[in-house]
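Just so it is clear, the model here is predicted, and its values are computed rather than measured.
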Amino acid sequence: MELQQLHQGNEQLFTAFAESRTGGRSENQDSYGYAQTERGFLVTVCDGMGGGPGGKTASTIAVREIIEGVTGASSDEEPTNVLIKAIRRANMAIIEAANEEPALKGMGSTATVLLLAEHAAYAAFVGDSRIYQLRGRKKVFRTFDHSMVFDLVKQHVITEEQARLSAQSNIITRALGIKPDVEVDVHELPYEKGDRFILCSDGIHGTMPEKDLLKMLTQKKPIGVVTDDVATYVDHLGRLSGQGYDNLTLAMIETRTDSILKPAMSKQTKLLLLMLVAICLISVAINFIQHSRYSTMSETMREFKVNRDSLVQYTYRDSVQRTAIKSLQDSIAKMNKKMEEINKLTKQ
């Protein structure tokens with residue numbers, strides 16, 4: 001089902017589709033809803049739980065109260081606070097409904113909420129329904145299930161795939177309708193043109209390894225086709241299992257513009273920049289050392305030349321002096337010889 005194609009002037013801002021099926025159950029206890037609000041486009045997927053009519057009632061209340069909570073919020077409130085308050089409002093509404101009707105005792109619901117605004121996307125959740133942000137073939141963001149098995153994943157006791165296959169995979173640690181104070185996780189997410197946001201119940205993400213699900217969700221097809229393909233394939237897997245399989249709900253939004261908030265650099269980009277800076281610093285250091293050595297060698301050569309010239313001059317002066325001394329010595333020797341000859345003649 002197409003939810004909405006929002007345009008601003010001639011520019012399409014996003015496209016949204018959703019699909020919800022009963023699966024192998026007697027009743028679809030999943031619910032979803034959407035609304036165009038002053039803050040942006042709002043979509044929510046909730047997975048109900050509880051015997052009898054409880055599950056469907058809880059998820060229906062959750063969707064209604066979340067939408068009303070966001071649309072009726074004060075315009076000066078931060079989007080993250082708006083979502084937290086809306087989800088807590090839904091939590092109290094479920095509790096009050098259960099208190100008024102004994103047959104609904106013990107009912108509850110998960111909640112995933114996405115508010116797509118011009119500044120950024122805001123994702124909030126409680127329970128094990130998920131929100132994905134996909135870019136191209138890559139997973140940019142994903143919520144982390146509030147479940148017993150994912151607590152073990154967080155402690156590195158088991159892997160995510162082991163958690164998915166575990167018999168305790170449906171035991172969640174947070175839900176709406178259980179207690180008055182519910183902790184809501186919320187994230188502010190920058191987005192780029194072509195990003196896909198996925199909201200889905202565990203009837204979708206629990207049916208196959210995540211890498212297989214992401215491969216399907218990132219097909220280069222219109223998202224309406226992708227939404228139907230995924231829901232049909234999951235339904236097919238459930239029928240092949242021969243057992244009563246879970247309800248399945250999927251909502252997909254594809255952006256057509258960039259958010260005002262720009263993505264922070266990834267760890268890989270930061271590492272690459274650090275490597276480039278390191279290379280530049282090493283290059284500068286090498287050039288400095290080479291320049292210093294060249295300068296030292298040049299100075300040494302200049303000193304050597306000066307010393308060499310001085311030595312040549314000294315040697316020349318020394319040579320002249322020695323020649324003069326030898327000439328003087330020769331003259332003295334000649335004079336002495338003459339004196340000896342004169343003395344000899346005088347004695348005769």
Side-chain angles (χ1 to χ4, degrees), residues 3 16 18 20 29-50 54-100 104 106-117 119-133 141-147 150 172-189 197-202 204-205 247 249-251 253:
L3 301 184
S20 187
Q29 295 190 339
D30 291 355
S31 297
Y32 72 88
Y34 62 95
Q36 182 57 47
T37 74
E38 292 182 359
R39 297 176 176 278
F41 181 68
L42 177 72
V43 60
T44 178
V45 169
C46 299
D47 181 0
M49 57 188 185
K56 184 62 178 180
T57 302
S59 66
T60 301
I61 292 173
V63 168
R64 182 189 69 227
E65 294 298 324
I66 287 168
I67 292 175
E68 290 181 2
V70 174
T71 55
S74 172
S75 59
D76 59 355
E77 276 195 271
E78 289 292 326
T80 52
N81 290 335
V82 169
L83 293 184
I84 290 171
K85 288 183 178 181
I87 292 173
R88 287 177 175 170
R89 166 180 169 150
N91 178 59
M92 291 307 301
I94 293 170
I95 291 173
E96 289 170 4
N99 289 336
E100 292 172 0
L104 300 177
M107 70 175 178
S109 179
T110 68
T112 56
V113 186
L114 181 76
L115 179 63
L116 188 64
H119 180 73
Y122 300 90
F125 76 106
V126 173
D128 64 349
S129 296
R130 290 183 183 176
I131 300 175
Y132 286 88
Q133 182 183 6
F141 169 81
R142 190 207 68 194
T143 55
F144 200 86
D145 300 357
H146 298 141
S147 67
F150 260 67
I172 59 176
T173 55
R174 291 189 213 174
L176 305 186
I178 306 304
K179 56 184 180 180
D181 184 23
V182 62
E183 184 179 354
V184 181
D185 285 354
V186 61
H187 303 269
E188 181 183 57
L189 306 170
F197 288 95
I198 315 297
L199 291 81
C200 60
S201 62
D202 64 335
I204 294 287
H205 68 73
N247 311 139
T249 302
L250 169 70
I253 305 94

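Arg142 places no side-chain N or O within 3.5 Å of a backbone atom of Arg130 that could act as its donor or acceptor partner. Panel note: side chain Asn91, backbone Ile87; no donor-acceptor pair is recorded below 3.5 Å. A donor-acceptor contact shorter than 3.5 Å is absent between the side chain of Thr71 and the backbone of Thr37. Judged purely by atom type and a 3.5 angstrom limit, Arg89 has no side-chain atom pairing as donor or acceptor with the backbone of Ile66.
Distance check: Ile95 CD1 to Leu104 CG gives 13.0 Å after rounding to the nearest 0.5 Å. Note that the CZ atom of Arg39 and the CD atom of Glu78 stand 8.5 Å from one another [nearest 0.5 Å]. Thr80 OG1 to Lys85 NZ: the interatomic distance, rounded to the nearest 0.5 Å, is 10.5 Å.
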Which donor-acceptor pairs under 3.5 Å do side chains of residues 41-48 form with protein atoms, sequence neighbours excluded?
from  : atom 1 : to     : atom 2 : distance (Å)
Thr44 : OG1    : Thr112 : O      : 2.8

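With sequence neighbours excluded, the residues that form a ring pair (Phe, Tyr, Trp, His ring centres under 6.0 Å) with His187 are Phe141. By the ring pair (Phe, Tyr, Trp, His ring centres under 6.0 Å) test, Phe125 pairs with His146, sequence neighbours left out.
Side-chain contact between Phe197 and Leu116 is present, with at least one heavy-atom pair separated by less than 4.5 Å. Contact of the His205 side chain with the Tyr132 side chain is registered, since non-hydrogen atoms from C-beta on lie closer than 4.5 Å. A heavy-atom distance below 4.5 Å is found between the side chains of His119 and Glu188. For the pair Val184 and Leu83, the minimum side-chain heavy-atom distance is 4.5 Å or more. Between Gln29 and Met107 the shortest side-chain heavy-atom distance does not fall below 4.5 Å.
Exactly one of Ser59, Ser129, Ser31, Ser20 qualifies for a side chain to side chain donor-acceptor pair (under 3.5 Å) with Thr249. That residue is Ser20.
Nearest heavy atom pair, residue Val82 against residue Gly69, reads CG1-O, 4.5 Å. The minimum heavy-atom distance between Ala93 and Ile61, with the atom names listed, is CB-CG2, 3.7 Å. For the pair Ala86 and Val70, the tightest heavy-atom approach, listed with the atom from each and the gap, is CB-CG2, 3.9 Å. Taking all atoms of both residues into account, the shortest heavy-atom contact from Tyr34 to Ile67 is N-CD1, 3.7 Å. Nearest heavy-atom pair across Thr173 and Ser147 is OG1-N, 3.5 Å.
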Next item on the list: Could you walk me through whether Asp30 and Ser201 pass the side chain to side chain donor-acceptor pair (under 3.5 Å) test, one step at a time?
Entry: CA-CA 8 Å; Asp30 291 355; Ser201 62; 3.0 Å; yes

Checklist line | Test log, rule side-chain contact (heavy atoms from CB on, under 4.5 Å), inputs Met49 and Ile178 | finding: CA-CA 11 Å; Met49 57 188 185; Ile178 306 304; 3.9 Å; yes

Notebook entry, point to check: Are Asp145 and Ile172 close enough, and set up right, to give a side-chain contact (heavy atoms from CB on, under 4.5 Å), and what steps lead you there?
Noted result: CA-CA 8 Å; Asp145 300 357; Ile172 59 176; over 6 Å; no

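The neighbour count for Asp181 CG, taken as heavy atoms of other residues, nucleotides or ligands under 6.0 Å away, does not exceed 12.
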